[in-house]
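Ligands are counted one by one from 1 in listed order, and the atoms in each one are counted from 1 as well.
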Amino acid sequence: MATASRTVLVTGGAGFIGSCYVLSRRAAGERVIILDKLTYSGNLENLASLQNDPEAVFVHGDIGDADLIARLLQSYQPDAIVNFAAESHVDRSILDPDAFIRTNVLGTCTLLRSVLAWWQKLDEIRQQTFRFLHVSTDEVYGTLHLGDPAFSETTAYAPNSPYSASKAASDHFVRAYHETYGLPTLITNCSNNYGPRQFPEKLIPLVILNALARKPLPVYGTGENIRDWLHVEDHCEAIATVLKGAVPGSCYNIGGRSERTNLEVVRGICHVLDELRPYSEGPYASLISFVTDRPGHDFRYAIDASKLERELGWTPKWQFEEGLRQTVQWYLDNAAWVEHVQSGEYRSWLERNYARR
Ligand code: NAD
Ligand code: TYD
């Protein structure tokens, strides 16, 4: 590959979405600096294909470490920063909200402060072309009833979980750094992602792996809650599109127009597995088990991504059922990755979250 023309600093780049973004930007010829704390969900195996790539630099560290950030900015002079680093799981936020305040709120604020101090010393042209893109979620908008219009960029924030409250707070600080100091920030709010390399605490990989282990498939409440699903590659393409074309200070919703009830998603996985890995004792759906609901469980998320489609020409490439099949196949094909992430930490999480349900 030719020498990179652009450098991007990707925080949280060893996680599910961040690693997909890193791989896609390397394929596009950019130099990528990856900063990741390698929490339980950060996994260097996600970046294994870049092991000997001199244009992909991995740095083990925390977005809340101001000295480290200052050194990285000075050394690598990035053209853009994409901030994926976060605690990302709602159920964990219910059991330990403080971790979410530390990384999602305080960490993002420290990152912003360090970036601002560096950016203010750049020459005018580099100040104008630099971008700080903060990756956020549709969950900041709260919950919808059936028939409510989908969330748009002007929907008021109404977060209901400690996770979404911490992401909402970080979004507000990003906005404030643009309005107050002129830092060229962008915010994207995306719906539920799925695809290869997702840590199996989230619904889709959890159900795939439980099914393969013939364990119960835990569906919270009645399974009627609705999420809008987007393939992770479509999310990463949308982020690159926003980074390239959006006006500083703007926000874009990203979604897949693929609303499904949780029960539809779980049955969909069972259906694919029935075909790809038939189970002699009957269909996988017989493992579905309704369990105690999540407290404060948002009923429905739906995203109106028409601003992004209209202004910047992005549309998702994956259709949900096709993407779900590809995802199931990836977990079947990557037994070593699966085995490594099912560590002691993962087993203790299953115990903490599911034993009392
Ligand atoms: P993930 O948990 O798989 O990855 C998070 C990564 O951040 C991990 O590699 C972790 O080690 C790293 N990290 C955590 N704390 C850090 C810190 N203090 N400093 C540096 N690195 C740290 O999560 P994901 O699903 O890839 O989500 C990435 C981002 O996208 C998050 O900001 C999340 O809020 C957002 N998002 C996720 C979804 C989704 O469906 N997964 C949807 C919309 C938005
Ligand atoms: P999850 O993947 O945790 O994402 P989020 O909470 O960010 O939407 O959950 C997706 C949906 O699936 C959500 O409505 C909660 C539900 N769910 C279950 O029914 N069972 C489970 O074991 C998990 C993890 C989630």
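Here the protein heavy atom with the shortest distance to atom 4 (O) of ligand 2 is Asn192 ND2, 3.4 Å. Among protein heavy atoms, the minimum distance from atom 43 (C) of ligand 1 is reached at Cys190 O, 3.4 Å. From the protein, the heavy atom lying nearest to atom 19 (O) of ligand 2 is Tyr220 N, 2.8 Å. At the top of the distance list for atom 20 (N) of ligand 2, counting protein heavy atoms only, stands Pro218 O, 2.8 Å. Residue, atom and distance of the protein heavy atom nearest to atom 27 (O) of ligand 1 are Ile17 CD1, 3.8 Å. Looking from atom 2 (O) of ligand 2 to the surrounding protein, the closest heavy atom is Leu203 N, 2.8 Å. Closest to atom 16 (C) of ligand 1 among all protein heavy atoms lies Lys37 CB, 3.7 Å. For atom 16 (C) of ligand 2, the closest non-hydrogen atom on the protein side is Asn262 ND2, 3.4 Å. The protein heavy atom nearest to atom 44 (C) of ligand 1 is Ser136 O, 3.1 Å. Closest to atom 34 (O) of ligand 1, if we only count protein heavy atoms, is Tyr163 OH, 2.7 Å. Atom 3 (O) of ligand 1 has its closest protein heavy atom at Phe16 N, 3.0 Å.
Within the listing of ligand 2, atoms 19 (O) sit less than 4.0 angstrom from a heavy atom of Val219. Heavy-atom proximity to Lys202, at under 4.0 Å, picks out these atoms of ligand 2: 2 (O). For ligand 2, the atoms closer than 4.0 angstrom to any heavy atom of Leu206 are 22 (O). Short contacts between ligand 2 and Glu201, defined as distances under 4.0 Å to a heavy atom of the residue, involve ligand atoms 24 (C). Distances below 4.0 Å separate heavy atoms of His89 from the following atoms of ligand 2: 3 (O). Atoms of ligand 1 found under 4.0 Å from any heavy atom of Phe84, numbered from 1 in the order shown, are 28 (C), 29 (C), 31 (C), 32 (O).
Between Val140, Thr11, Thr39, Ile254, it is Thr39 that holds the heavy atom closest to atom 10 (C) of ligand 1. Comparing heavy-atom distances from atom 35 (C) of ligand 1 across Ile34, Thr103, Val135, Ile303 singles out Val135 as nearest. Nearest to atom 23 (O) of ligand 1 by heavy atom, out of Ser88, Gly195, Gly42, is Ser88. The heavy atom nearest to atom 6 (O) of ligand 2, considering only Glu139, Arg300, Arg294, His297, is found in Arg294.
Just one of Val8, Leu73, Val10 meets the side-chain contact (heavy atoms from CB on, under 4.5 Å) condition when paired with Ile81; it is Leu73.
At a threshold of 4.0 Å, the pair Arg6-Asp79 does not count as salt-bridged, since none of the basic side-chain nitrogens sits closer than that to a carboxylate oxygen. Salt-bridge check for Asp53 with Arg26: passed, with a basic side-chain N closer than 4.0 Å to an acidic carboxylate O. Remark: Glu322 does not engage Lys317 in a salt bridge, criterion side-chain N to carboxylate O under 4.0 Å. For the pair Lys307 and Glu153, the salt-bridge criterion is not met [side-chain N within less than 4.0 Å of a carboxylate O]. A salt bridge does not link Arg257 with Asp228: none of the charged nitrogens is closer than 4.0 Å to a carboxylate oxygen.
From Asn83, atom CG reaches atom CG of Leu9 across 9.0 Å, with rounding to the nearest 0.5 Å.
Heavy atoms of Tyr301 found under 4.0 angstrom from ligand 1: none, in either backbone or side chain. With a heavy-atom cut-off of 4.0 Å, Leu38 touches ligand 1 through its backbone alone. At a 4.0 Å heavy-atom cut-off, ligand 2 touches Tyr354 through the side chain alone. Proximity of Val207 to ligand 2, defined as any heavy-atom pair under 4.0 Å, is not found for any part of the residue. Neither the backbone nor the side chain of His89 comes within contact range of ligand 1; no heavy atom lies under 4.0 Å.
Using bins of under 30°, 30° to 60° and over 60° for the plane-to-plane angle, the ring pair Trp229/Tyr194 lands in the perpendicular bin. Ring orientation note: the planes of Tyr157 and Tyr141 are nearly perpendicular, at an angle over 60° on the 30°/60° scale. Between Phe100 and Tyr163, the ring-plane angle classifies as perpendicular under the 30° and 60° cut-offs.
Every heavy atom of Ser19 sits 4.0 Å or more from the atoms of ligand 1. Distances shorter than 4.0 angstrom do not occur between any heavy atom of Phe199 and any atom of ligand 1. Residue contact annotation: Ala14 has a non-hydrogen atom under 4.0 Å from ligand 1.
Relative to the six-membered ring of Tyr40, Arg92 meets both conditions, a distance below 6.0 Å and an angle of at most 45° to the axis. Both the sub-6.0 Å distance and the 45° axial angle are not jointly satisfied by Arg325 relative to the ring of Phe320. In this structure, Arg197 fails the cation-pi test against Phe16, since its NZ or CZ atom is not both closer than 6.0 Å to the six-membered ring centre and inside 45 degrees of the ring normal.
Aromatic pair Phe132/Tyr177: centroids not less than 6.0 angstrom apart.
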